[in-house]
Amino acid sequence: TAWVNPDRPNDYDTYLARIEQALNAVGGRFVYKMIEPSFATLSKTETAPSRLTFVEWDTPNALDAFLASKGFQQNAALLNSGTTAFELVRISVPKPRTSR
């Protein structure tokens, strides 16, 4: 989830374009990129984000490998300059329970 910096609005999109190869190299892929969605927050204290991006990973550790990758490190400055806030959320699907 990203809140794009209005002073540097293209930096975040450039970041997304440049990291795709690094994502693929560690088993990640973009599932969906919401560009300029119409967000509305129901919270009186929060500002709605301006971008939402979903990435699917082959393994639980692939995200950590991506964050340590040269491709991410080389483009982290674009992420920082292109956003005023950024939240990374890991969502895992629980393993099915086995019956006894």
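These values consider heavy atoms only, across backbone and side chains, with no hydrogens, waters or symmetry-generated copies.
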**Q.** Mutual orientation of the aromatic rings belonging to Y32 and F54 [parallel < 30°, tilted 30-60°, perpendicular > 60°]
**A.**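 The rings of Y32 and F54 sit tilted, inter-plane angle from 30° to 60°.
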Would you call [X] and [Y] a side-chain contact if the rule is heavy atoms closer than 4.5 Å?
{"X": "I91", "Y": "V89", "answer": "yes"}
{"X": "Y12", "Y": "W3", "answer": "no"}
{"X": "P49", "Y": "V4", "answer": "no"}
{"X": "V31", "Y": "V55", "answer": "no"}
{"X": "N24", "Y": "R29", "answer": "yes"}
{"X": "V26", "Y": "W57", "answer": "yes"}
{"X": "L79", "Y": "F72", "answer": "yes"}

Q: Please check if atom CZ in F30 has more than 12 non-hydrogen atoms from other residues, nucleotides or ligands closer than 6.0 Å.
A: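 Count over threshold, so yes.
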Q. Out of curiosity, does L16 fall in the hydrophobic cluster containing L67 (side-chain heavy atoms, cut-off under 4.5 Å, transitive links)?
A.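 Per the 4.5 Å side-chain linkage, L67 and L16 are co-clustered.
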(Q) With clusters defined by side-chain heavy atoms of hydrophobic residues (ILVMFWY) lying less than 4.5 Å apart, directly or transitively, does L88 cluster with F66? (A)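 Same cluster: F66 reaches L88 through Ile, Leu, Val, Met, Phe, Trp or Tyr contacts under 4.5 Å.
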Q | Residue of the set D13, T1, T83 for which side chain to side chain donor-acceptor pair (under 3.5 Å) holds with R51 | A |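 Answer after filtering D13, T1, T83: D13.
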(Q) Using 0.5 Å steps for rounding, measure from the OG1 atom of T53 to the CD1 atom of I19. (A)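 Reported value, rounded in 0.5 Å steps: 8.0 Å.
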